[in-house]
2 protein chains.
Amino acid sequence: MTEARPTGDELVEMLAALANPLRLRIVATLATGRDYVSHLARVIGVSRPLMHMHLQRLEAAGLIVGSLELSEDGKAMKYYEVTDFDLRLTASALAVAARSLTSHDPDKGHAPKESS
Amino acid sequence: MTEARPTGDELVEMLAALANPLRLRIVATLATGRDYVSHLARVIGVSRPLMHMHLQRLEAAGLIVGSLELSEDGKAMKYYEVTDFDLRLTASALAVAARSLTSHDPDKGHAPKESS
DNA sequence: TTTATATGTAAGAATCCTCTTACAGGTGAA
DNA sequence: TTCACCTGTAAGAGGATTCTTACATATAAA
């Protein structure tokens, strides 16, 4: 187990990264082996800038990692691969993660009276 | 295990529902026991219409269920409680779920040439 | 009747997300 | 030089999310 226990904020970021059909498909594709962005964009059928953005989102969440390498013919290739994350989503597990959320805003008075 | 294996689309909806600090806190609170929306809004510190919206989102994803009941003094109370979902998020598990995604659009030609 | 509780829902603003188009740079081969 | 690859990023449109305010309903108690 590499990804021990993410904080609430980290968990939200991970879930947000995975809560997208295209990004889910990207992770699924990378699960079968590493690949570089242009090829990945072609395989999945998406424009390269769009792929680039989604890969950044997944990497920021810690679900994939990229490394810029030089191919034999000298071209710069950015290879991505999945990290070995393992998240368990149950109500009680989420309750634990929720304790470390940093979006309380206890000062800002929400919940106005709303009396009509 | 109640939630056997959601489809790709269902999984995305579940993840999207959980990928929000407030909704994560709602699930965490309901994990300690059922509650009705007005009280839940007060406890968490959010306006009731906002709580209502988030509860709908969570219920649509199948993470919570609500039941409208009549209290002793005749008031209508909508109680929500968590379902016993149990999701495992690994790269290979996501790869399985991704196969049942319904957002291919194989006709619509993405990935234009983009040659400058 | 008025007050307090509960429910639902609609309209609008502000913001975030998604995606395309267009530009910048680089190397190697014809 | 030109073409075919690779990389990155910025601008803008369109739509989805999030949240507030405001309205509507109902019951019980003072």
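Naming convention: chains lettered A, B, ... in sequence-line order (proteins, then strands); numbering from 1 in each chain.
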S.K.: Are Ile64(A) and Tyr36(A) grouped together when hydrophobic residues (ILVMFWY) are joined by side-chain heavy atoms under 4.5 angstrom apart?
M.R.: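 In one cluster with Ile64(A): Tyr36(A), no.
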S.K.: Evaluate Thr102(B) against Thr7(B) for side-chain contact (heavy atoms from CB on, under 4.5 Å), listing each step before the verdict.
M.R.: CA-CA 9 Å; Thr102(B) 64; Thr7(B) 69; over 6 Å; no
S.K.: So, OP1 or OP2 of dT18(D): does either fall under 4.0 Å of a side-chain N or O from Arg23(B)?
M.R.: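 Checking dT18(D) against Arg23(B), a side-chain N or O does come within under 4.0 Å of OP1 or OP2.
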S.K.: Rounded to the nearest 0.5 Å, what separates atom CZ in Arg23(A) from atom CG in Leu15(B)?
M.R.: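 It is 11.0 Å, given to the nearest 0.5 Å.
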S.K.: Classify the nucleic acid contact of Gln56(A) as base, sugar-phosphate or nothing, counting any heavy atom under 4.0 Å across all strands shown.
M.R.: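 Sugar-phosphate: the residue Gln56(A), judged by heavy atoms under 4.0 Å, touches backbone atoms but no base.
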S.K.: Does the pair Glu69(B)/Arg34(B) count as a salt bridge with the N-to-O cut at 4.0 Å?
M.R.: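 Salt bridge: yes.
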S.K.: Indicate whether OP1 or OP2 belonging to dC19(C) is found under 4.0 Å from a side-chain N or O atom of Ser47(A).
M.R.: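 Answer no for this pair, as no side-chain N or O of Ser47(A) is under 4.0 Å from OP1 or OP2.
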S.K.: Would you please confirm or rule out a distance under 4.0 Å between OP1 or OP2 of dA6(C) and any side-chain N or O of Lys78(B)?
M.R.: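 So the side chain of Lys78(B) is outside the cut-off, no N or O lying under 4.0 Å from OP1 or OP2 of dA6(C).
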S.K.: Between Ala19(A) and His52(B), name the one whose nearest nucleotide on DNA chain C is closer to the 5' end.
M.R.: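 In this pair, the answer is His52(B).
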S.K.: What contact category does Leu70(B) fall into here, base, sugar-phosphate, or nothing, at under 4.0 angstrom with non-hydrogen atoms?
M.R.: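 Nothing: the residue Leu70(B), judged by heavy atoms under 4.0 Å, touches no strand.
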S.K.: In whole Å, what is the span from the NE2 atom of His54(A) to the C1' atom of dC16(C)?
M.R.: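 Rounded to the whole Å, the gap is 14 Å.
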S.K.: Measure the distance from CZ on Arg42(B) to P on dA4(C) and round it to the nearest whole Å.
M.R.: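 Rounding to the nearest Å, CZ of Arg42(B) and P of dA4(C) are 13 Å apart.
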S.K.: Does Arg57(A) make a side-chain N or O approach to OP1 or OP2 of dC16(C) shorter than 4.0 Å?
M.R.: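 Checking dC16(C) against Arg57(A), no side-chain N or O comes under 4.0 Å of OP1 or OP2.
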S.K.: Once you round it to whole Å, what is the distance between C1' of dC6(D) and CG of Leu55(A)?
M.R.: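 About 14 Å, once rounded to whole Å.
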S.K.: Please state how far atom CG in Leu18(A) lies from atom P in dT18(C), giving the value in whole angstrom units.
M.R.: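 Rounding to the nearest Å, CG of Leu18(A) and P of dT18(C) are 12 Å apart.
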S.K.: Round to a whole Å and report the spacing from CG of Asn20(A) to C1' of dA16(D).
M.R.: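 Going from CG in Asn20(A) over to C1' in dA16(D) covers 12 Å.
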S.K.: Want to settle it: does Asp73(A) or Leu50(A) sit nearer the 5' end of DNA chain C, counting the closest nucleotide to each?
M.R.: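 It is Leu50(A), whose closest nucleotide lies nearer the 5' terminus.
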S.K.: When the nearest nucleotide of DNA chain D is assigned to Met77(A) and to Met53(A) on a heavy-atom basis, which residue is associated with the more 5' position?
M.R.: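 Comparing both residues, the 5'-ward one is Met77(A).
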S.K.: Figure out the NE2/P separation between His39(A) and dT7(D), and round it to whole Å.
M.R.: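 Answer to the nearest Å: 11 Å.
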S.K.: Any side-chain N or O of Tyr36(B) under 4.0 Å from OP1/OP2 of dA6(C)?
M.R.: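 Result: yes.
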S.K.: Of Val82(A), Ile26(A), Leu18(A), which is the lone residue that meets side-chain contact (heavy atoms from CB on, under 4.5 Å) with Leu63(A)?
M.R.: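 It is Leu18(A); the other options fail the test.
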S.K.: Whole Å only: how far is the CD atom of Glu59(B) from the P atom of dG8(C)?
M.R.: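 So the two atoms are 10 Å apart, to the nearest Å.
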S.K.: Could you tell me how far apart Lys75(A) (NZ) and dC6(D) (P) are, to the nearest whole angstrom?
M.R.: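 Taking atom P of dC6(D) as the reference, NZ of Lys75(A) is at 7 Å.
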